[in-house]
2 protein chains.
Amino acid sequence: MEIKEIFRDKGLRLTLQRRAILEALQGQGFKTALELFQEVNRLHPGINFSTLYRNLELFVQTGLICRLKGPEGALYGLRRISKHHHHAVCKMCGAAYPLSRCPLEDMGEELQRLGFTVTEHCFEVYGICENCRDHMEEVSRC
Amino acid sequence: MEIKEIFRDKGLRLTLQRRAILEALQGQGFKTALELFQEVNRLHPGINFSTLYRNLELFVQTGLICRLKGPEGALYGLRRISKHHHHAVCKMCGAAYPLSRCPLEDMGEELQRLGFTVTEHCFEVYGICENCRDHMEEVSRC
DNA sequence: GTATCTGCAAAGGGTTTGCGTTCGA
DNA sequence: TCGAACGCAAACCCTTTGCAGATAC
């Protein structure tokens, strides 16, 4: 079990709540804290928002999940790729497609010319994925 | 007067409060709502947060200013370039340097291959500008 | 004169924190 | 056993809203 080992290595406890949160994060979709709260509580009623937020923060720090700042708030999803990357996120189903390049790769020269030292950056793309677009067309045919 | 005309064209009134907010936005720095609130009230005591937020929203819609979602919250600054662009923002002084390219220009092919239709995107770079870095070095010499 | 805009006060959404209790290792 | 993690409640920050009065045009 990989998760179990990650937790043990860091001296973290694998509680019922943490299992439930990780379970709710399965799948390729990115979800809001509210969606995760509802999903987690469907599986294990009684889990608190504070527990959810504390653990999401922990999982981000641990590198288990990614947090995106979408147009309508934070989104959380499993981190499947260990190297630095960005996402194209579907606004309908939450699916996140990793992008192959980081825009900073191409902007080093321009930023250097400006004398600008980068400490942080964000790049995310939002829209409609192929599946959802096809489904929309089906619906609109009715 | 350019502003006056823009306002007249849209049927908007050029109130004392709006003048003060636009005045506080002068300069190349991007500022938080709180910083603008303080600046505006230094110039004209009594201006309310609701007035500030309502007008910032209005100015964004009108295209007079840009709103960025920085790591520590929203930032507002004059929109000097009418075409679509992104910024490198200094975390110390707020100065925003427009970047010459939009990363989406290079990603069209990849996104098309995914069948992904883009509706929104964000790209911002944060760090330290040349001036502030030089100043930091001075300070650290003491 | 009148629709637009303001200040006020209150509510809203999303997230965080302190504290006493519970539970995993 | 005992410190890490939990639930609860309350606070927090930033932003938005409804309304009655003020003001630009």
Side-chain angles (χ1 to χ4, degrees), chain A residues 1 3-24 30-62 64-77 94, chain B residues 1 3-24 30-62 64-76:
Chain A
M1 271 252 139
I3 292 287
K4 221 166 176 171
E5 285 162 12
I6 293 171
F7 273 58
R8 183 162 34 216
D9 286 358
K10 311 227 175 200
L12 300 172
R13 293 182 179 173
L14 195 43
T15 63
L16 191 75
Q17 292 84 349
R18 287 179 178 168
R19 276 183 224 270
I21 295 169
L22 288 171
E23 198 176 340
F30 273 54
K31 304 195 176 85
T32 64
L34 176 58
E35 286 166 345
L36 286 169
F37 177 79
Q38 291 165 339
E39 177 73 3
V40 158
N41 273 281
R42 217 174 39 77
L43 305 170
H44 293 279
I47 296 180
N48 198 270
F49 253 121
S50 59
T51 302
L52 175 61
Y53 277 114
R54 274 190 276 239
N55 284 310
L56 288 174
E57 176 63 25
L58 178 75
F59 295 164
V60 169
Q61 298 307 329
T62 315
L64 280 175
I65 65 175
C66 297
R67 169 170 35 207
L68 312 181
K69 280 189 240 157
E72 359 268 328
L75 292 172
Y76 302 86
Chain B
M1 270 252 139
I3 291 288
K4 221 164 177 172
E5 286 161 11
I6 294 171
F7 274 58
R8 184 163 32 217
D9 286 358
K10 311 229 175 197
L12 300 172
R13 295 181 176 174
L14 194 43
T15 62
L16 191 76
Q17 292 83 348
R18 286 179 180 169
R19 277 182 223 270
I21 294 169
L22 288 171
E23 198 176 340
F30 273 55
K31 303 194 176 86
T32 64
L34 177 57
E35 287 166 344
L36 287 170
F37 177 78
Q38 291 165 338
E39 178 73 2
V40 158
N41 273 281
R42 216 173 41 76
L43 306 170
H44 294 277
I47 295 179
N48 199 271
F49 253 122
S50 59
T51 302
L52 175 61
Y53 276 115
R54 274 191 279 239
N55 284 309
L56 288 174
E57 176 63 25
L58 178 74
F59 296 163
V60 169
Q61 297 307 330
T62 314
L64 281 175
I65 65 175
C66 296
R67 169 171 34 208
L68 311 182
K69 280 189 241 156
E72 0 268 330
L75 292 172
Y76 301 87

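Each chain gets a letter, A, B and so on, in the order the sequences are listed, and its residues count up from 1. When reading the values below, keep in mind they use all heavy atoms of this one structure, side chains included, and skip hydrogens, waters and symmetry mates.
- Taking the C1' atoms of five terminal pairs at each end of the helix from C/dG1-D/dC25 to C/dA25-D/dT1, the two resulting helix axes are inclined by 30°, rounded to 10°.
- Atom CD of A/E35 is separated from atom P of C/dG14 by 11 Å (rounded to the nearest Å).
- Side chains of B/S50 and B/R54: a donor on one and an acceptor on the other come within 3.5 Å.
- A/I21 is not listed as a side-chain neighbour of A/L36, based on a closest heavy-atom distance of 4.5 Å or more.
- When every heavy atom of A/I65 is checked against every heavy atom of A/Y76, the shortest pair comes out as CD1-CD2, 3.9 Å.
- For B/Y53, the ring-ring contact (aromatic ring centres under 6.0 Å, His included) partners at least two apart in sequence or on another chain are B/F49.
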**Item:** Trace of the side chain to side chain contact (heavy atoms under 4.5 Å, CB included) decision for B/F7 with B/T62
**Value:** CA-CA 9 Å; B/F7 274 58; B/T62 314; over 6 Å; no

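- Each of B/L16 and B/Y76 has a nearest nucleotide on DNA chain D; the 5'-most of these lies closest to B/Y76.
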**Prompt:** Where do A/L64 and A/I3 land on the side chain to side chain contact (heavy atoms under 4.5 Å, CB included) test, with the steps shown first?
**Reply:** CA-CA 9 Å; A/L64 280 175; A/I3 292 287; 4.0 Å; yes

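- The stretch residues 7-14 of chain B touches DNA chain D through B/R13, B/L14, each having a heavy atom under 4.0 angstrom from the strand.
- Close approach of DNA chain D to chain B, defined as any atom under 4.0 Å from a non-hydrogen atom of the protein, starts and stops at D/dC14 to D/dC25.
- The interatomic distance linking A/Q17 (CD) with C/dC23 (P) rounds to 9 Å, in whole Å.
- Contact of the A/F59 side chain with the A/R18 side chain is registered, since non-hydrogen atoms from C-beta on lie closer than 4.5 Å.
- When rounded to the nearest whole Å, the span between CG of B/L22 and P of C/dC5 equals 13 Å.
- Counting heavy atoms from C-beta outward, A/V40 and A/L43 have side chains that stay 4.5 Å or more apart.
- For the atom pair B/N55 CG and B/L22 CG, the distance stands at 8.5 Å (nearest 0.5 Å).
- Between A/T15 and B/E72, the residue whose closest nucleotide on DNA chain D is further toward the 5' end is A/T15.
- For DNA chain D, the residues of residues 46-56 of chain B within the heavy-atom distance limit of 4.0 Å (strictly under) are B/S50, B/Y53, B/R54, sorted by number.
- Proximity of B/L75 to B/K31: side-chain heavy atoms (C-beta onward) are nowhere separated by under 4.5 Å.
- Between A/K10 atom NZ and A/E5 atom CD the span is 13.0 Å, to the nearest 0.5 Å.
- For B/K69 against A/G70, the heavy-atom pair with the smallest separation is NZ-O, 3.8 Å.
- Applying the side chain to side chain donor-acceptor pair (under 3.5 Å) rule to A/E57 yields the partners A/Q61, A/R67; only residues at least two apart in sequence or on another chain are considered.
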